[in-house]
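Contents: one structure, followed by commentary.
These numbers come from the heavy atoms of this one structure, side chains and all, not from hydrogens, waters or symmetry mates. Small disclaimer: the values here were computed from a predicted structure and weren't measured. Numbered from 1 within each chain, the chains take letters A, B, ... in sequence-line order.
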2 protein chains.
Amino acid sequence: MTQTARKNVAEKIASTLRTAIVKGRLQPGDALPSERELAEKYDVNRSSVREAMKRLEAWGLVKIRQGGATRVADLLLDAGLGLVPALIEAGGEMGMGIMRDLHEVRGLLLGWGAEQAAKKADAASMARLEELAKQLADPKAKAAQLQQLDYDFFQELMLISGNQLLTLLSRVVRDVYFQGAERFLPLYRSDVFDPKHHRRAVMAIRARDAQAASDAMRAHAASALALLEEKAR
Amino acid sequence: MTQTARKNVAEKIASTLRTAIVKGRLQPGDALPSERELAEKYDVNRSSVREAMKRLEAWGLVKIRQGGATRVADLLLDAGLGLVPALIEAGGEMGMGIMRDLHEVRGLLLGWGAEQAAKKADAASMARLEELAKQLADPKAKAAQLQQLDYDFFQELMLISGNQLLTLLSRVVRDVYFQGAERFLPLYRSDVFDPKHHRRAVMAIRARDAQAASDAMRAHAASALALLEEKAR
DNA sequence: GTCAGCTAACTGGTCGGACCAGTTATGACC
DNA sequence: GGTCATAACTGGTCCGACCAGTTAGCTGAC
């Protein structure tokens, strides 16, 4: 339990139970203790426990039924993205796996977004992308700044694609991403980060070359992933 | 206000406010009435209002700060996927747009999933895919069954890909999808639904032809999208 | 008049205790 | 042994109080 200082009571309880579920101490189908019992156990009011329960339900980790007990949901069937922070937190192989997956998804979306941008970026968007690429090439930039810029670039592509669902989705990716942000920071150290992919992508988008743009961004994600796996060894 | 009969009190309030926000009656930055005021207005207890607020916060629609007012978040910056049901519900152009986007994302994921499956499907997964393809080709199947099978096929591909994040994501896609399920139902009527893409994909996966598999599933999504847009006219 | 600083009137967060509304297991009755 | 009412659970909602931050307005020094 590190760094849970500033959390709500409900938040603490929710993340405690989430961890218990993810780590398998609570199995799918198991009934959770009743709200009243949990309230007593954690020495908080039942309202707070209820709030925690609602959160777990929103994450798809439990199923609540009035009258019946609250039970752990079948993770494979019902868990949503709310599970991810717990997976990352769990660390080890599990955490590594999910971070690998995250980069894979990012690569997929980046490639598609670049392709779309090549087809329909307007002058204003084009200018924003170029500005971002320029800042990414700044040798004096700090790793954290580069990380942020890289995300901004990603988001700009999603916006250009005009797909609202993906724009919303990129928000989720961001939350997951910056959750374990410091783990990704080494990827942006000045001696390893190379802005060439972004530069190539911007040029391709300007030239309306969808294939090249897509390839460039995929390459970016792939190289990040390769670095990450190298680090893991 | 139709069909809100079986909802929780909190759920009703949350979706009412969500609609207000999505439709722009409440602008980003605007302060919501205080919890006490809302409780009085809707003639419910403050606890219920609080629950609704927590839900809106989880959706990224509002920002809650102890001491300060609860304010509408900047949708472009903070809203997550929880916004989607409201967009669909809003109907009209907006709803149509989001459904179009949904199919686009589905196509992207289907294509990628099929590609991955061609690379790493094992015998058991292969068998499941074939079984699903067979059932999809059943001329006696009802539209709703076909729709479910189509989703199952999608999910199986996500599972095969081994990407946990995408598996979780497909859960979200499912929720969005079956939310407005009846709107998609016409796509599965026996006189329009054609299982050939699934058949082609399965054959390609068996032959380990990633490109062909990907193309087949992309074609499936594209044709569904085309049908959808034709219907909209 | 201007501005710092205090205070009062907000906001959301937590509490406890009550009662309503469903579910489930018990046990008397047939 | 099977059935069915009911008691003892579960979560859902309510009330009213107080704690803990924020904000705005007032006061007073300059």
To the nearest 0.5 Å, what is the distance between CG on A/Leu165 and CE on A/Met158?
11.5 Å
Any side-chain donor paired with an acceptor under 3.5 Å for B/Ser48 and B/Asn45?
no
Rounded distance in Å - OH (A/Tyr42) to C1' (C/dC15)
19 Å
If the test is side chain to side chain contact (heavy atoms under 4.5 Å, CB included), which one of B/Met53, B/Arg55, B/Lys54 qualifies with B/Glu51?
B/Arg55
Nearest-angstrom distance from the residue atom CG of B/Asn45 to P of D/dT13:
10 Å
Heavy atoms from C-beta onward define the side chain here; which of C/dG12, D/dT13, C/dT11 lies closest to that of B/Gln66?
C/dG12
Nearest-angstrom distance from the residue atom CD of A/Glu11 to C1' of C/dT14
15 Å
Which nucleotide in the list D/dG11, C/dT14, C/dG13 gets nearest to the side chain of A/Val9?
C/dT14
Write down the distance between CD1 (A/Ile64) and C1' (D/dT10), rounded to a whole number of angstrom.
12 Å
Salt bridge check: are B/Lys63 and B/Glu57 linked by an N-O gap of less than 4.0 Å?
no
Atom CG of A/Leu38 and atom C1' of D/dG11: how far apart are they, to the nearest Å?
12 Å
Taking CD from A/Glu35 and P from C/dG22, how many angstroms apart are they, rounded to a whole number?
16 Å
In whole Å, what is the span from the CZ atom of B/Arg71 to the C1' atom of D/dT22?
11 Å
Starting from C1' on C/dT23, measure out to NZ on A/Lys63 and report it in whole angstrom.
18 Å
Would you indicate what A/Glu40 reaches in the nucleic acid, counting non-hydrogen atoms under 4.0 angstrom: base, sugar-phosphate, or nothing?
nothing
Does B/Lys134, at its NZ atom, have more than 12 non-hydrogen atoms belonging to other residues, nucleotides or ligands within less than 6.0 Å?
no
Does the side chain of B/Tyr151 come under 3.5 Å of the side chain of B/Gln155 through a donor N or O and an acceptor N or O?
yes
Parallel, tilted or perpendicular, as decided by the 30° and 60° cut-offs, for the rings of A/His198 and A/Phe193:
tilted
So if I take residues 46-62 of chain B and measure heavy-atom distances to DNA chain D, which residues fall below 4.0 Å?
B/Arg46, B/Ser47, B/Ser48
Counting the atoms with a prime plus P, OP1 and OP2 as sugar-phosphate, which does B/Arg65 contact under 4.0 Å by heavy atoms, base, sugar-phosphate, or nothing?
sugar-phosphate
